[in-house]
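All chains are named by letter (A, B, ...) in the order of the sequence lines, taking the proteins before the strands, and each is independently numbered beginning at 1.
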Amino acid sequence: MSLSLPFAGDTVPLQAYLVLAAVLFCVGVWGLINSRNAVRVLMSIELMLNAVNLNLMAFSNFLDGQLIRGQVFAIFVITVAAAEAAVGLAILLSLYRNRETVDMERFNLLRW
Amino acid sequence: MTIASATQLICFLVLASTLVLGSIGVVLLPNIVYSAFLLGGVFLSVAGLYLLLNASFVAAAQVLVYVGAVNVLILFAIMLVNKKEDLSAIPGLAVRKILSGLVCAGLFALLVRVAFTTPWALPGPVPVGEEATIRIGEHLFSDYLLPFELASVLLLMAMIGAIVLARRDVFSTDVITGEPADQGLIEKSRTPLLLEKPALEKTP
């Protein structure tokens with residue numbers, strides 16, 4: 001196993017962006033698991049989507065500089081994330097009208 | 001190290017620290033309104049990182065869509081469901097937090113190891129820089145035309161679905177008097193269009 005360390009250039013290396021996106025993704029996963037408030041769960045999903053977008057943009061800039069397909073993918077991910085946020089918050093409002101709470105632990109109607 | 005690269009490095013460090021601290025604050029702060037505003041800060045710093053990555057169009061899209069639309073939508077949802085409720089204690093919550101923290105740390109270690117051991121094909125092609133917007137337009141109207149059109153259909157479906165899911169039950173007739181309800185009645189003090197469902201079950 002050979003470590004491919006960041007090349008000693010002047011610019012910020014690719015690995016720095018990857019590690020930053022990994023931090024963002026892991027914080028999002030932890031928040032997704034541990035949040036009691038349903039709105040915070042949606043926020044954690046947005047954090048994870050942003051981490052993936054950051055990865056796509058970093059790869060697009062460093063490895064695919066001419067055909068920037070990563071940026072096109074990031075635009076589609078932003079579109080789908082906007083649709084997801086709208087539908088998710090509508091479901092949240094509907095849940096709140098029916099159960100009078102936003103506690104994730106009490107949304108257990110379908111739990112074995 | 002030239003001035004330009006030093007500026008880039010300083011911008012990256014500032015944006016990265018804002019991003020990490022903001023995301024941790026989004027997850028950990030007890031007040032969810034502060035979390036929502038910090039989420040806007042996280043989105044803005046991600047847009048700044050996009051600018052560092054030669055992607056001005058996507059940075060603008062990020063600011064418009066995430067900060068302008070998604071964050072405002074989340075704030076409105078918080079306003080609509082903002083009822084102070086003390087969450088009931090759950091046995092084993094601390095254990096669950098620690099376990100999930102370990103899982104996330106393991107995932108992070110795995111991702112960092114992949115990032116540092118993969119032989120990336122660096123240095124890649126020279127980035128196009130400010131021509132990125134032109135290239136994106138060419139992509140969207142040539143080889144990514146079908147996903148582009150499907151995205152518009154998806155947005156339409158999401159809009160209709162959100163309206164259907166979030167609206168209240170609307171009746172075309174007044175359920176108390178039985179007379180057909182028109183839009184003008186909304187202006188009066190009693191609003192027949194927004195009656196709750198149990199009132200409907202009294203009528204045979």
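- Looking at heavy atoms from C-beta onward, Met43(A) lies out of side-chain contact with Leu38(B) at the 4.5 angstrom threshold.
- Interface residue Val42(B): only side-chain heavy atoms are found under 4.5 Å from chain A.
- Taking 4.5 Å as the limit, some side-chain heavy atom of Phe59(A) sits within range of a side-chain heavy atom of Trp120(B).
- Looking at Tyr144(B), both its backbone and its side chain come within 4.5 Å of chain A, counting heavy atoms on both sides.
- If you measure heavy-atom distances from Val65(B) to chain A, the contacts under 4.5 Å come from the side chain alone.
- Phe76(A) is listed as a side-chain neighbour of Leu140(B), based on a closest heavy-atom distance under 4.5 Å.
- For a residue to count as touching a neighbouring chain, one of its non-hydrogen atoms must lie under 4.5 Å from one of that chain's; by this rule Phe76(B) does not touch chain A.
- Applying the salt bridge (Lys or Arg N to Asp or Glu O under 4.0 Å) test to pairs two or more places apart or on separate chains, none has a residue in residues 15-35 of chain B.
- Chain A forms the most heavy-atom pairs under 4.5 Å with one residue out of Leu165(B), Leu53(B), Val27(B), and that residue is Leu53(B).
- Contacts of Ala36(B) with chain A are made by both backbone and side-chain atoms, with heavy-atom separations under 4.5 Å.
- With a 4.5 angstrom heavy-atom cutoff, Leu39(B) touches chain A only via side-chain atoms.
- Comparing Ala61(B), Gly161(B), Ala16(B) by heavy-atom pairs within less than 4.5 Å of chain A, the highest count is held by Ala16(B).
- When each of Leu92(A), Leu47(A), Val29(A), Ile91(A) is checked for heavy-atom pairs under 4.5 Å with chain B, Leu47(A) comes out on top.
- The side-chain heavy atoms of His139(B) and Leu67(A), taken from C-beta on, include a pair separated by under 4.5 Å.
- Of all the listed residues (Val112(B), Leu110(B), Ile24(B), Leu73(B)), the one sharing the greatest number of non-hydrogen pairs under 4.5 Å with chain A is Leu73(B).
- Per-residue counts of heavy-atom pairs under 4.5 Å with chain B were compared for Ile33(A), Val23(A), Val80(A); the largest is that of Val23(A).
- With chain B as partner, the option from Met57(A), Arg40(A), Arg106(A), Arg36(A) having the largest number of non-hydrogen pairs under 4.5 angstrom is Arg40(A).
- The distance between the ring centers of Phe12(B) and Tyr17(A) falls below 6.0 angstrom.
- Of all the listed residues (Asn71(B), Leu111(B), Val58(B), Asp143(B)), the one sharing the greatest number of non-hydrogen pairs under 4.5 Å with chain A is Val58(B).
- Across Lys97(B) and Trp30(A), no two heavy atoms sit closer than the pair O-NE1, 3.4 Å.
- For chain A, the option among Ile74(B), Ile32(B), Ile163(B), Asn54(B) with the highest count of heavy-atom pairs below 4.5 Å is Ile32(B).
- Residue contact with chain A, scored on non-hydrogen atoms closer than 4.5 Å, is absent for Ala69(B).
- At least one donor-acceptor pair closer than 3.5 Å links the side chain of Arg135(B) to the backbone N or O of Gln66(A).
- Within the 4.5 angstrom heavy-atom criterion, only side-chain atoms of Leu93(B), from C-beta onward, approach chain A.
- With a 4.5 Å cut-off on non-hydrogen atoms, Leu63(A) touches chain B through its backbone and its side chain both.
- No side-chain donor-acceptor contact under 3.5 Å links Asn53(A) and Gln62(B).
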Hey, mind stepping through Glu138(B) and Arg69(A) against salt bridge (charged side-chain N to carboxylate O under 4.0 Å, His left out) and telling me if it holds? CA-CA 11 Å; Glu138(B) 288 170 359; Arg69(A) 286 167 288 198; over 6 Å; no
